[in-house]
Every structure is written in structure tokens, then in C-alpha cells.
There are 2 protein chains.
Amino acid sequence: MPRTIAKNHDTKRDAILKAAAKLFASEGYGRASMAGVAAACGISKANIYHYYPSKEALLFDILESHLSELRDRICGLTYDSDAPEDQLRVILTEVLLAYQGADAEHDVLLSATQALPEEKQEILRQYQRDFIYEGRARLAAIAPESVANDRAKLWALTMLVFGMLNWHYKWNSAADADTRRAHAKMIADLVIGGVPNLQV
Amino acid sequence: MPRTIAKNHDTKRDAILKAAAKLFASEGYGRASMAGVAAACGISKANIYHYYPSKEALLFDILESHLSELRDRICGLTYDSDAPEDQLRVILTEVLLAYQGADAEHDVLLSATQALPEEKQEILRQYQRDFIYEGRARLAAIAPESVANDRAKLWALTMLVFGMLNWHYKWNSAADADTRRAHAKMIADLVIGGVPNLQV
DNA sequence: CCTACCGATCGGTAGG
DNA sequence: CCTACCGATCGGTAGG
């Protein structure tokens, strides 16, 4: 009778994923070693290779798991209100909350994606496009027609707003949920009415 | 008569700095080799070590040169107008223009700073603080008192705005000066009046 | 004795 | 799930 897959297979895989993300974030993907990942997991290096065929495969799984979860959360949002401003507030808050606890994965995404072959990078870009388009639609709804109807300008605006979101971990990585909600509100106020009209 | 330092010593040092920045950005600091840096410069690896005692020293010089130039440009700005909005437009434009041609250095700053010892990182953080404070002062001048007089809120606002600036290279690294001016204007319009009042 | 380089190779460690 | 290794390549340095 063949041996079955360990009952904690997925649990262990997730543990490797999380430990590797933290190590890749803190040491850098290129300097971090597979032996270091193993040590962080309390298992042997050879055991890591039981779950992943290569260091690159491990990197890709970290990023794909992270981005697919982000996409599912953002694209699966339901909006109580039809008001464009309210919908923008909902999505901005959800993005910052979805980033909570995923600083390591986010950092690895920004600093190590280029280590992957182009085809893998394209898969990751598709996940990102999926949820960025959700944000773009909310921004188009509040933008003047001169922006909403101009693809390049609308994209620039979208990237500026995601710049605020994606930069957040650099200065507030340990933020709790309430802090994230407050920062999302500040971004929303800023986007909707500018700094002079910040409601804080 | 003793031989003098090569007349092209500084020129060559700058060439190494630029080539290394590009290689570190494209391959990642940890994966990039000193042999690769040497090859990109068309010189021997031993020759690199004549200019820099270690790979880490090379990394630090890339980042310090980059940040000191940024600081000098931003902190050395003179403002024609006393209007806070005009001053904000000037500094936002100057930052995006200062980033032009420095995408590699900017990328290395974000992805490899953690490879430096803490004391070196602190030196780099001081350069960044110097010019971020310039931006913060312009933002305080247009913010409501509830933000301008609250250190935490003013810092959050400042980081949001620098998020837009520092994220720019991710989606528009090849932007020319006019494009950068247009993006700086969009950020300024956004900050001053919100998306509904974008003037484009 | 100096600075400016070179080809060759060191001791260790990487991914697998 | 481990110890024991490999081909290769790393950052850094030798003599000249």
C-alpha cells in the first residue's frame, strides 16, 4: 500500500511559504539560502525540496498565493452603497486590510519578481491587473470626464493612488486594522477633496 | 617624481557606480556578482576592488551618491512664489525630475538597503529625512490645522504623497521630462483639490 | 617606494 | 525526512 500524502502536507507547505517569505524579505531573495529557509522551518534543506522543486518555484508560490488572495478579496467585494465615493472608500480600506500580515510577501513581490522568468512574471501581472482594474473603475466614477475618458490619464491616476497603497508598508508595516482604516480614510479624503478638505 | 592619481579616477568611479546600479537593479543585489559588475564596466574584477574595498562599500556609495544629490536638489530649491500651492507644485516637479535617469539607483535603494549594516542604513535615512521634511513643510502649509498641528497625521500625509512619487518608477520608469512634469501636476492637483477637480 | 592595473586562484558556500 | 556530497560559482586577494 503506497504511503499517503502527509495529512499536514498543506499546513507544512503554508508554513514553509510564510517562513520563506519572511526570510526572502529580510535578507533579500538572492542572498537568502535554501538552508536558511530550512532552518527557519526547523526542517532539513532536503525536506524543503520535497515540497518545492527549486528556489524559484518557492518564490513563485509565495507571490502567486499572495496575489490570488488579494485578487479574490478585492474582486469579490460587494458594495452596499451606489455612491462612487462610498465605493472608493470600501475598496481603499479593503486593500490596506488585505495587506495586513502580508508585508513580507508584499516586499518580496516588489524586490524579487524580476528574478522570475518573463512568463511567470506575466502570470503575476495578470492577478495584479485584475484587482487594479477594480480600483480604476471606482476612480473613473469620480474623475472628471477629461480623465475618465482618457485611458492614459486614468491609468496615471490609478497608479498614483496605488502608489499610496503600495508604499504604505514602508512606513507603517506594523499597522493594526484601525490604523489601516484611518489611513484608507485619509487616502479617500485626499482623493475625493484634496488635502485642504481632509476630514480628520 | 611620484605618479599622480589617474586623471580619470573620478570618471571611472562614476562609471562603476552607474554600471553597478544597473546590474544590482536588474539582477538583484544578492544575485549580482562583482565579476558581473566588472564585465559591465569592461575591466577586471580586481580593478573594481581598487576603487571599492567590498561589494557592500560599492552598494553604499551607489545609494549615498544618489541620496545626497537628491537632498541637494530638493533642499536647495528656491521658490519664486510665496503661495503654498505654488511651492508644492515646484517641489513635486523637482522630485520627479530628480528621479529621471536614476531609476536603477532608486530601485536598489528600495530593494537592497536592508543588506547594509544598521549604521549605514541610518546615514541613508538621514539624507531621506532631510528632503522629505522639505515636502512635509509644503504640505503643512496647505493642510487644515487639525493635520498640520498633528505630527502623526502630517507624517502620514507626507508618506502618502511620497508614496505617489516613489512608486512612479514602477509604472513609468522611462518617462521624459515633460511626462514627469505632467505627472507632478496631476499629483499637485490631486493633493490640492482632489480627483473631481483635476485640471487636465 | 608609489598607484594602477592584470591573470590566476584562494577559502567557503551556494543551489540542488 | 536525513546526512553526505557534487559541480559551479561566490566575494575577495595573492604575487608581479
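The sequence lines fix the lettering, A, B, ..., with proteins before strands; numbering per chain opens at 1.
- The aromatic rings of B:His106 and B:His66 sit perpendicular, their planes meeting at an angle over 60°, well past the 30° parallel limit.
- Atom OH of B:Tyr51 and atom C1' of C:dC5 are 9 Å apart (whole Å).
- Listed pair B:Ser44 / C:dC5 fails the phosphate criterion, with no side-chain N or O lying under 4.0 Å from OP1 or OP2.
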Can I get a per-line list of side-chain donor-acceptor pairs under 3.5 Å for residues 153-165 of chain B, giving both atom names and the distance, sequence neighbours left out?
from, atom 1, to, atom 2, distance (Å)
B:Thr158, OG1, B:Leu154, O, 2.7

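- Both tests hold for B:Arg13 against B:Tyr52: distance to the six-membered ring centre under 6.0 Å, angle to the ring axis within 45°.
- With hydrogens and angles left out, the side-chain atoms of B:Asp176 and B:Thr179 include a donor and acceptor closer than 3.5 Å.
- Residues B:Arg136 and B:Arg151 form a side-chain contact, since some pair of their non-hydrogen atoms from C-beta on lies under 4.5 Å apart.
- At whole-Å resolution of the value, CZ in B:Arg13 and P in C:dA4 are 11 Å apart.
- The distance from atom OG1 of B:Thr113 to atom OH of B:Tyr29, rounded to the nearest 0.5 Å, is 11.0 Å.
- Applying the 4.0 Å criterion to OP1 and OP2 of C:dA4, one finds that B:His50 has a side-chain N or O inside that range.
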Which string of ( ) [ ] | and . matches DNA chain C, if you list each base 5' to 3' and count Watson-Crick or G-U pairs only when both distances are under 3.5 Å? .....|.|.||.|.||
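- Under the 4.5 Å side-chain criterion, counting only non-hydrogen atoms from C-beta, B:Ile62 is in contact with B:Phe24.
- Between B:His183 and B:Trp171, the angle of the ring planes lies from 30° to 60°, which puts this pair in the tilted group.
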Check: protein-nucleotides 8-11 of chain D nitrogen or oxygen pairs below 3.5 Å:
from, atom 1, to, atom 2, distance (Å)
D:dG11, OP1, B:Ala32, O, 2.9
D:dG11, OP1, B:Lys55, NZ, 2.7
D:dG11, OP2, B:Met34, N, 3.0
D:dG11, N7, B:Lys45, NZ, 3.2

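- Between D:dG12 and C:dA8, the two P atoms lie 22 Å apart (nearest whole Å).
- With rounding to whole Å, B:Asn47 atom CG is found 10 Å from C:dA4 atom P.
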